[in-house]
Amino acid sequence: MSASPVTSLAPDPKRWKALVFIALAQLMVVLDATIVNIALPSAQEDLGISEGNKQWVITAYALAFGGLLLFGGRIADLWGRKRTFVTGLIGFAAASALGGAATGEAMMLGARALQGVFGALLAPAALSLLAVMFTEAKERAKAFGIYGAIAGGGGAVGLILGGFLTEYLNWRWTFFVNIPFAIVAAAGAYFVIREPEGGRNRSPLDIPGVFLSTLGLVALVYGFTRAESEGWSDSVTIAMFVASVVLLAAFVLTEAKVKHPLLPLRVLTERNRGGVYLSLGLAIISMFGLFLFLTYYLQIVKGYSPVKTGFAFLPMIAGMITGSTQIGTRLMIRVPPRYLMAPGFLVAAVGMLLLTQLEVDTSYAGLIMPAQLLLGLGMGTAFMPAMSLATHGVEPRDAGVASAMVNTSQQVGGAIGTALLNTIAASATTAYIEDHAASATTPAAQKLLAAQSMVEGYTAAIWWAVGILAASAVIAAVLINTGAQNGQPASGDGDGVEDEVKIPVVAH
């Protein structure tokens, strides 16, 4: 069927200025995922947080953020993306101030949970604003190239900034640094962003869907988080996974039946978007695990300072920026997204494969730096079309929840990656120590054994990460079948509903 004509909306003259503030807000949210990790040991000591509770500084944020993302995306569609975006920024700044000023464990954990709540409003609103403001193919490619580079490389930037702030100021500044980011982005957004008319979804809120999705995602994220500390056979871990399956299954059944669903199933069932959510979530599993292992390897095995460790991640950031803004942006309007995503994930897998060769005395310049460059190039090239395609062909009224699904797949992928790969690494480390303990009879030999066993654990887990990236490439190649994002007819939802933006959509 030929493309039906659609109403062409005049592009917003301030859209590029708006992109600066949207990108700044996204950077702040992504930074927060890793910046606190560097500061955690110092904060734990100052605030008297017990060893058993220290994981909750990370977990409180992950649970609130991951659990409320779909709700936040729907609020953006209902309330208006600009208003939701600015509210999220102001709330995130306030929560960060509370965290930086924390005087005890309870105050810190409360601040982290609040950061997660406002982050869940902010992240989907930011991506959906891009989706509705940039509708011309070449401009959309550039805008999503910048956004994709930040989404992919921001975590590594967080390690650098966290190292600087912790080493030269103190851990409280890893929270306070969010405040100027948020104030500038909120003020800029208030004065610059003009949300297109007619893109709101004013349907009544699906309350059962909100409860089922939030509880189901919280149970899933907490299950993986608990598995990391308590083991996969722990009764509470198993109960969380069972509860998650039941709640999320009930959520899908509810969404299929209610008149105004929180997450319209048309957003998920369109094969291109489904392929993006699945392949991106799997790729994030590998990335989060790698950040963790490389950070520990460089600091504990190689003896790098926090700042030096942060700078050691620069090749990955450079690769991501190049892959996203140069390769992805230039080719997205010329070739189908699967021809960027699948090779991108494979190049990243080759970079990960190099890291399976890590030894205690591995050269940074000889192995780690080229591996990071390949990882960055591959991920940047794949992330860019993925971010764009996740909201391409979606109706403006669904842009918020479609954007929230991208963030949800990343957040759940991060939780799974940290827990799964850490568990694999810990098992391999323990097995190596048991096999070689008898021969380590001197203090020097025991110290060397400890380092070797850690590296053995990391490489065992990295092999899994290689396989996961390869699976991401296969999923992208098989499921994603839309054409180049050049304003030509693209895949829609398959339900006969056409876009309300400039890019015409064919109903298949």
Side-chain angles (χ1 to χ4, degrees), residues 127 131 137 140-141 144-145 147-149 151-153 267-290 316 319-320 322-353 374-394 402-414 416-417 420 464-486 488-494 508:
L127 185 55
R140 185 180 174 90
F144 277 93
Y147 188 90
V267 171
L268 282 180
T269 53
E270 200 276 313
R271 66 181 288 167
N272 291 290
R273 282 195 294 277
V276 166
Y277 300 145
L278 190 54
S279 61
L280 203 57
L282 283 172
I284 292 290
I285 291 176
S286 300
M287 287 299 292
F288 264 66
L290 181 75
M316 191 185 297
M320 280 191 174
T322 304
S324 189
T325 62
Q326 299 305 310
I327 302 171
T329 300
R330 291 172 189 274
L331 293 181
M332 194 180 87
I333 57 173
R334 295 184 174 91
V335 301
R338 68 179 179 276
Y339 293 160
L340 291 172
M341 289 181 65
F345 288 136
L346 285 177
V347 168
V350 171
M352 198 74 82
L353 190 63
L374 285 171
L375 267 162
L377 273 173
M379 286 300 219
T381 302
F383 265 46
M384 190 267 144
M387 289 291 179
S388 177
L389 195 59
T391 53
H392 178 70
V394 77
S403 303
M405 272 305 301
V406 181
N407 289 288
T408 301
S409 67
Q410 289 179 300
Q411 189 63 26
V412 172
I416 294 170
L420 177 65
W464 279 77
V466 172
I468 292 167
L469 276 173
S472 293
V474 171
I475 289 166
V478 172
L479 286 185
I480 296 170
N481 68 348
T482 189
Q485 309 295 287
N486 58 0
Q488 299 304 311
S491 293
D493 289 321
H508 291 291

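Because only heavy atoms are used, hydrogens play no part in the values below, and waters and symmetry mates are left out as well, while side chains stay in.
- Residues Leu479 and Tyr277 are not in side-chain contact: their nearest non-hydrogen atoms beyond the backbone lie 4.5 Å or more apart.
- Judged as a side-chain hydrogen bond (donor to acceptor under 3.5 Å, both in side chains), and not counting sequence neighbours, the contacts of Arg330 are Gln326.
- Considering CE of Met287 and CG of Leu280, their distance stands at 11.0 Å, rounded to 0.5 Å.
- Checked against side-chain contact (heavy atoms from CB on, under 4.5 Å), Leu420 has the following partners two or more places apart in sequence or in another chain: Trp232, Ile416, Ile424.
- For the side-chain contact (heavy atoms from CB on, under 4.5 Å) test, residues two or more places apart in sequence or in another chain that qualify with Thr329 are Ala141, Lys142, Met384.
- Nearest heavy atoms, Ala382 versus Met341: O-CG, 3.6 Å.
- Taken to the nearest 0.5 Å, the CG atom of Leu375 stands 7.5 Å off from the CE atom of Met320.
- Nearest heavy atom pair, residue Leu340 against residue Pro385, reads CB-CG, 3.9 Å.
- Of the possible polar contacts, none joining the Asn481 side chain to the Asn272 backbone as a donor-acceptor pair under 3.5 Å is found.
- Of the inter-residue distances, the one linking Leu282 atom CG with Ile285 atom CD1 reads 5.0 Å to the nearest 0.5 angstrom.
- With sequence neighbours excluded, the residues satisfying side-chain contact (heavy atoms from CB on, under 4.5 Å) with Ile284 are Phe288, Phe383, Gln410.
- Proximity of Pro343 to Thr381: side-chain heavy atoms (C-beta onward) are nowhere separated by under 4.5 Å.
- Of all non-hydrogen atoms in Pro337 and Ile480, the two that sit nearest each other are CB-CG2, 4.2 Å.
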Enumerate, atom names and distances included, each donor-acceptor pair closer than 3.5 Å involving a side-chain atom of residues 467-478, sequence neighbours excluded.
from   : atom 1 : to     : atom 2 : distance (Å)
Ser472 : OG     : Ser279 : O      : 3.2
Ser472 : OG     : Ala283 : N      : 3.3
Ser472 : OG     : Ile468 : O      : 3.3

